[in-house]
2 protein chains.
Amino acid sequence: MESQHPNDCLYYLVTRVSLSLTSLLKKRLVESGCDFVKPAYIGVLLWLWMDDGMGTMLGKFGKDEGIKLNDLGKLAGLEPSSMTGLIDRMEKDGLAVRANDPKDRRVTNIQLTQKGINVRKHILEIMDTVTKEIFATIPKKQEDIALDVLKKILISASNLEKF
Amino acid sequence: MESQHPNDCLYYLVTRVSLSLTSLLKKRLVESGCDFVKPAYIGVLLWLWMDDGMGTMLGKFGKDEGIKLNDLGKLAGLEPSSMTGLIDRMEKDGLAVRANDPKDRRVTNIQLTQKGINVRKHILEIMDTVTKEIFATIPKKQEDIALDVLKKILISASNLEKF
DNA sequence: TGACAATATTACGTATACATATTATATGTA
DNA sequence: TACATATAATATGTATACGTAATATTGTCA
């Protein structure tokens with residue numbers, strides 16, 4: 001159990017990359033005049049955009065009235081208590097709104113505003129540009145493997161947390 | 001610029017994996033009686049442990065008196081303003097101490113306590129176990145590629161932030 | 001030496017996320 | 001129907017990280 005170099009440690013690498021990418025993305029968002037889209041919003045916006053206009057992409061979760069706050073949290077991997085503040089901030093920034101569910105008064109449905117829908121194209125372009133820059137010097141095959149491994153880690157980490 | 005599935009998005013994957021691994025690691029730390037080691041400490045502990053007893057591994061940064069708070073922050077990828085609170089908490093948990101630098105009174109040197117040195121073996125074992133579990137179903141070759149890509153992303157993200 | 005620039009650290013406010021407790025509502029069962 | 005239980009969301013306090021400003025110390029140059 002030798003003291004390995006931090007750069008050989010999965011946890012170290014993932015947390016530093018997460019911080020770096022968030023910092024870079026934030027900078028690009030501000031530069032392009034989209035400072036009302038905080039990096040943390042993107043984890044839920046990606047899911048909300050899949051439901052944009054169609055109400056089918058989210059499967060059993062998608063509804064005309066939006067999506068349940070709790071279900072959105074499950075999709076995005078966030079605790080309910082984290083969702084409250086996040087949706088508060090997204091409402092304040094005009095990207096989403098809360099709506100009461102007439103069938104279950106406990107439920108809060110989350111809907112995109114027109115602003116939240118319109119900003120999609122621009123944000124996806126920024127994300128795409130950043131990703132291309134990041135992977136510029138990395139062979140496509142390795143990029144694919146890395147993304148695939150990250151997907152698998154996400155699944156296995158979720159499973160391991162239950163025990 | 002289609003709305004891709006969140007799981008195909010680099011930023012989404014990295015941030016979710018970071019959250020998942022942090023949650024899993026925290027659980028294992030608490031279970032094993034090491035709740036005084038918070039996940040956030042590990043990013044700097046890994047660097048401090050490299051200097052344990054030898055004072056050479058950190059190159060020009062390593063000194064008998066510890067390592068400068070700012071230099072430690074640079075190694076761990078944290079802003080100076082983030083370091084203050086982090087070291088506060090590590091001192092409170094008995095893992096590190098601040099020491100004045102007699103040669104430059106602006107400087108605060110960070111030193112591991114005996115407790116911080118002793119806990120190394122146990123923490124590295126936990127990290128190793130978690131990593132093995134995470135990668136259990138992933139071919140070694142893909143694991144190596146993924147780690148290598150993460151290292152490269154860290155470098156390119158740092159470079160891109162300057163522009 | 002005295003003024004000014006550079007460096008190191010901290011202070012303060014904000015963003016992000018969690019755990020736990022609480023409130024409101026819904027559901028199942030006696 | 002009444003009560004126990006489950007579910008949805010929020011409130012509160014803490015951990016983590018950043019940006020900006022303030023403070024203290026040191027270095028530099030005229």
Side-chain angles (χ1 to χ4, degrees), chain A residues 11 15-27 29-30 35-45 61 65-74 76-93 98-110 161, chain B residues 11 14-27 29-30 35-45 61 66-74 76-93 98-110 161:
Chain A
Y11 181 67
T15 52
R16 303 306 123 170
V17 167
S18 177
L19 288 176
S20 276
L21 288 183
T22 299
S23 172
L24 177 58
L25 189 54
K26 184 178 182 182
K27 182 176 244 183
L29 288 168
V30 171
D35 58 324
F36 55 89
V37 178
K38 307 295 161 62
Y41 299 172
I42 291 176
V44 304
L45 282 176
F61 294 136
E65 314 87 56
I67 175 173
K68 268 171 58 178
L69 185 145
N70 255 13
D71 288 341
L72 185 57
K74 278 173 195 159
L78 295 175
E79 296 296 318
S81 61
S82 305
M83 290 298 292
T84 298
L86 182 63
I87 299 299
D88 282 351
R89 291 190 293 276
M90 288 179 67
E91 277 196 308
K92 191 158 53 70
D93 284 317
R98 284 175 167 90
N100 293 325
D101 188 321
K103 289 171 197 142
D104 187 339
R105 295 200 293 170
R106 293 172 301 182
V107 170
T108 297
N109 288 311
I110 309 302
E161 274 186 76
Chain B
Y11 182 67
V14 167
T15 52
R16 303 306 121 169
V17 167
S18 176
L19 289 177
S20 276
L21 288 184
T22 299
S23 172
L24 176 58
L25 188 54
K26 185 177 181 183
K27 180 176 247 185
L29 288 167
V30 171
D35 58 322
F36 56 88
V37 178
K38 307 293 161 59
Y41 298 172
I42 291 176
V44 304
L45 281 176
F61 294 136
I67 177 173
K68 268 168 59 178
L69 187 144
N70 253 16
D71 289 340
L72 185 56
K74 277 173 194 157
L78 295 175
E79 296 296 318
S81 61
S82 305
M83 289 298 292
T84 299
L86 183 62
I87 299 299
D88 282 352
R89 291 190 293 277
M90 288 179 66
E91 278 196 308
K92 191 158 54 69
D93 284 318
R98 286 175 165 89
N100 292 325
D101 188 321
K103 289 170 196 142
D104 187 339
R105 293 202 292 172
R106 294 172 298 183
V107 170
T108 298
N109 288 313
I110 309 301
E161 274 185 77

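A note on names: the letters A, B, ... follow the listed sequences, proteins ahead of strands, and every chain is numbered from 1.
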Sugar-phosphate only, base, or nothing, as touched by B/Gly77 at under 4.0 Å among non-hydrogen atoms: sugar-phosphate

Sugar-phosphate, base or nothing in reach of A/Thr108, heavy atoms under 4.0 Å: sugar-phosphate

[atom1] of [X] versus [atom2] of [N]: gap in Å, rounded?
{"X": "A/Leu21", "N": "D/dA17", "atom1": "CG", "atom2": "P", "value": "15 Å"}
{"X": "A/Arg105", "N": "D/dT10", "atom1": "CZ", "atom2": "C1'", "value": "17 Å"}
{"X": "B/Lys103", "N": "D/dT25", "atom1": "NZ", "atom2": "C1'", "value": "17 Å"}
{"X": "B/Leu19", "N": "D/dT16", "atom1": "CG", "atom2": "P", "value": "13 Å"}
{"X": "A/Lys68", "N": "D/dA6", "atom1": "NZ", "atom2": "C1'", "value": "12 Å"}
{"X": "A/Asp88", "N": "D/dT12", "atom1": "CG", "atom2": "P", "value": "12 Å"}
{"X": "A/Leu69", "N": "C/dT23", "atom1": "CG", "atom2": "P", "value": "20 Å"}
{"X": "B/Lys27", "N": "C/dC18", "atom1": "NZ", "atom2": "P", "value": "13 Å"}

Base partner of C/dA30, which must satisfy Watson-Crick or wobble distances under 3.5 Å: D/dT1

Residues, nucleotides or ligands: over 12 heavy atoms within 6.0 Å of B/Asp88 CG: yes

Taking only side-chain nitrogens and oxygens of [X], does any of them come within less than 4.0 Å of OP1 or OP2 of [N]?
{"X": "B/Arg106", "N": "D/dT23", "answer": "no"}
{"X": "A/Arg89", "N": "C/dA15", "answer": "no"}
{"X": "B/Asn70", "N": "C/dT9", "answer": "yes"}

With the side chain counted from C-beta on, respond yes when [X] and [Y] share a heavy-atom pair under 4.5 Å apart, and no when they do not.
{"X": "B/Asn109", "Y": "B/Lys68", "answer": "yes"}
{"X": "A/Met90", "Y": "A/Val44", "answer": "yes"}
{"X": "B/Leu21", "Y": "A/Thr15", "answer": "no"}

Nearest listed nucleotide, side chain of A/Glu79, among C/dT9, C/dA26, C/dA19: C/dA19

Shortest side-chain distance from B/Leu78, nucleotide among C/dA24, D/dC18, C/dA8: D/dC18

Comparing A/Lys26 and A/Met83 on DNA chain C - which has the more 5′ nearest nucleotide: A/Lys26

Side-chain (A/Tyr41) to main-chain (A/Phe36) donor-acceptor, under 3.5 angstrom: no

hbond_proxy A/Ser81 side chain to C/dA19 base (donor-acceptor, 3.5 Å cutoff): yes

Comparing A/Ser82 and B/Pro80 on DNA chain D - which has the more 5′ nearest nucleotide: A/Ser82

